[in-house]
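Order of the sequence lines fixes the chain letters, A, B, ..., with proteins taken first and strands second; residue numbering starts at 1 for each chain. Because the structure is a prediction, the values reported are computed rather than measured.
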2 protein chains.
Amino acid sequence: MQQFFQALGDNTRLRLLNLMGEQEVCVCYFVEILGGPQPKISRHLAYLRNAGIVSARREGKWMHYRIVMPPHIGAAQILRQTLDWLKEDRAMQADRARLTRACCSPAKYALDGAPLPAAVTESCCEAC
Amino acid sequence: MQQFFQALGDNTRLRLLNLMGEQEVCVCYFVEILGGPQPKISRHLAYLRNAGIVSARREGKWMHYRIVMPPHIGAAQILRQTLDWLKEDRAMQADRARLTRACCSPAKYALDGAPLPAAVTESCCEAC
DNA sequence: TGGATATATTCACCTGAGCGAATATGTTGC
DNA sequence: GCAACATATTCGCTCAGGTGAATATATCCA
C-alpha cells in the first residue's frame with residue numbers, strides 16, 4: 001500500500017502511466033516522447049513492474065508495457081481515477097498527443113519497423 | 001500531484017489519516033496510539049498539512065487535526081477511496097479500535113481533561 | 001559468427017526524506 | 001513571571017531513491 005503510492009509519487013512514472021492509459025506501448029515511444037536518456041526510462045519501468053502496476057511483453061527486439069489493474073478492487077479504482085486525473089493535465093495531454101501523432105512526425109524509430117501503438121494505427125493520418 | 005501521492009507513500013502518515021477518517025482528532029491521541037516519539041508524529045502531521053491534506057485547529061494547549069478534502073474532485077475521490085482501503089487493513093482496524101476505546105483504557109492523557117474525539121463521546125462505554 | 005539495434009542493469013554521485021535527540025514555542029494556572 | 005504541559009521545530013545522521021555515464025543482455029540480420 002505504501003509501495004503502491006510511492007510508485008505513483010514520481011512525475012516520470014506518472015508520465016509513463018499516462019502514455020499507457022489503456023493500451024500497450026513500446027518502450028521506444030517512451031524514449032521518443034519523454035526525451036530523456038533511455039536508461040532512465042528503463043529504470044522507472046522496472047520500478048513500476050516491480051510494484052506490480054505494469055507488465056512487460058517482448059516482441060522481438062521490442063518490449064511492450066501495459067498497465068495491469070491491481071487485484072484489489074479499491075487499488076484498481078484508485079489507479080483508474082489517477083489515470084483520469086492525468087488526462088486533465090495539460091502536459092500529460094501534450095504527451096498523449098505526441099504519441100497519437102507518432103506516425104506522422106517520423107522520428108528515429110517511426111520508419112524503422114517499430115510497432116505502432118494501437119491509438120496510432122487507429123487514428124493516425126486523420127488527426128494530422 | 002506528485003506531492004499528493006508522495007504524502008500517501010508513508011506508513012506513519014497512512015496511519016494518521018486512518019485515525020482521522022472523517023473526524024477531528026487531538027494530537028495527544030496520535031502520540032498515544034502510534035506509540036512513537038512525539039516529534040516524529042508532529043513532523044508527519046506537518047508534512048500532511050504542508051501537502052494540503054489536513055488542517056489544524058488549536059484549542060488551548062491541544063491541537064486538533066482533520067482531513068480536508070482536496071478541491072479537485074478526482075483527488076478527493078482518490079483520498080476517499082484510500083481511506084476506505086485503509087479500513088480493510090487489520091493493523092489499521094486495530095488503531096481505530098484503540099481510538100474508540102480511548103476513554104476506557106485511560107492512558108496518560110485520558111484523565112487529564114484532554115479533548116475526546118467524537119467517536120469516543122458517541123460510542124464509548126457501549127463498546128467496552 | 002559478428003555487427004547493429006533495443007532494452008536492461010550497474011556504478012558512483014547526490015539530493016530528499018525519515019529518524020532520534022535536543023531544543024523551542026505556545027498555552028494554562030499559580 | 002514561573003512552572004508544567006502539549007506541540008512544533010531544528011540538528012546531525014543515515015539511507016532510499018533519482019540521475020547520468022558506462023556497460024551488459026537480448027534479438028535480428030547479413
Each nucleotide N or O in nucleotides 19-24 of chain C that has a protein N or O under 3.5 Å away: list the pair and distance.
{"residue": "C:dC19", "atom": "OP1", "partner": "B:Lys40", "partner atom": "NZ", "Å": "3.3"}
{"residue": "C:dC19", "atom": "OP2", "partner": "B:His44", "partner atom": "NE2", "Å": "2.7"}
{"residue": "C:dG20", "atom": "N7", "partner": "B:Arg43", "partner atom": "NH2", "Å": "2.9"}
{"residue": "C:dG20", "atom": "O6", "partner": "B:Arg43", "partner atom": "NH2", "Å": "3.4"}

Please write out each protein N/O paired with an N/O of nucleotides 25-30 of chain D under 3.5 Å, distance rounded to 0.1 Å.
none

- Message: How many whole angstroms separate atom CD of A:Gln2 from atom C1' of C:dA17?
- Response: 12 Å
- Between C:dT7 atom C1' and A:Glu32 atom CD, what is the distance in whole Å? 16 Å
- Item | Nearest-Å distance for atom pair CZ/C1', residues B:Phe5 and D:dG18 | 19 Å
- Task: Please tell me which of the listed nucleotides, D:dA8, C:dT7, D:dT7, lies nearest to the side chain of A:Cys28?
- Result: C:dT7
- Note on the structure: Rounded to whole Å, the CH2-P distance (B:Trp62 to C:dT27) equals 13 Å
- Round to the nearest Å and state the distance from B:Leu34 atom CG to C:dG18 atom P. 15 Å
Please list every donor-acceptor pair under 3.5 Å in which a side-chain atom of residues 34-43 of chain A meets a protein atom from a residue at least two apart or in another chain.
none

- Query: Closest nucleotide of DNA chain D for B:Ile41 versus for A:Gly9: which of these residues is on the 5' side?
  - Reply: B:Ile41
- Picking from D:dA8, C:dA17, C:dT7, the nucleotide nearest the side-chain atoms of B:Met63 would be D:dA8
- Are A:Glu88 and B:His72 close enough that some pair of their side-chain heavy atoms sits under 4.5 Å apart? yes
- Message: Please check this pair: side chain of A:Arg58 against backbone of A:Gly60, looking for a donor-acceptor N/O pair closer than 3.5 Å.
- Response: yes
- Message: Count I, L, V, M, F, W, Y as connected when their side-chain heavy atoms are under 4.5 Å apart, and connections chain through other members. Are B:Ile33 and B:Leu16 then in the same cluster?
- Response: yes
- Query: Separation of A:Leu14 atom CG from D:dG18 atom P, in whole Å?
  - Reply: 12 Å
- Tell me whether B:Met69 is reachable from B:Ile53 by hopping between hydrophobic residues (I, L, V, M, F, W, Y) whose side-chain heavy atoms are closer than 4.5 Å. yes
- Task: To the nearest Å, give me how far apart CG (B:Asn50) and C1' (C:dG16) are.
- Result: 14 Å
- Message: A:Leu86 vs A:Arg96, test: side chain to side chain contact (heavy atoms under 4.5 Å, CB included). Steps then yes/no.
- Response: CA-CA 10 Å; A:Leu86 288 168; A:Arg96 292 171 78 95; over 6 Å; no
- Item | Side chains of B:Leu48 and B:Tyr65 in contact at under 4.5 Å (non-hydrogen atoms) | no
- Item | Residue-phosphate contact under 4.0 Å: A:Tyr65 side-chain N/O, C:dA8 OP1/OP2 | yes
- Please work out which of the three classes, parallel, tilted or perpendicular, describes the rings of B:Phe4 and A:Trp85, given edges at 30° and 60°. perpendicular
- Item | Gap between atoms NE2 and P, on B:His64 and D:dA6 respectively (whole Å) | 13 Å
- Task: Can you spot which of B:Asp89, B:Asp10, B:Asp95 makes a salt bridge (Lys or Arg N to Asp or Glu O under 4.0 Å) with B:Arg15?
- Result: B:Asp95
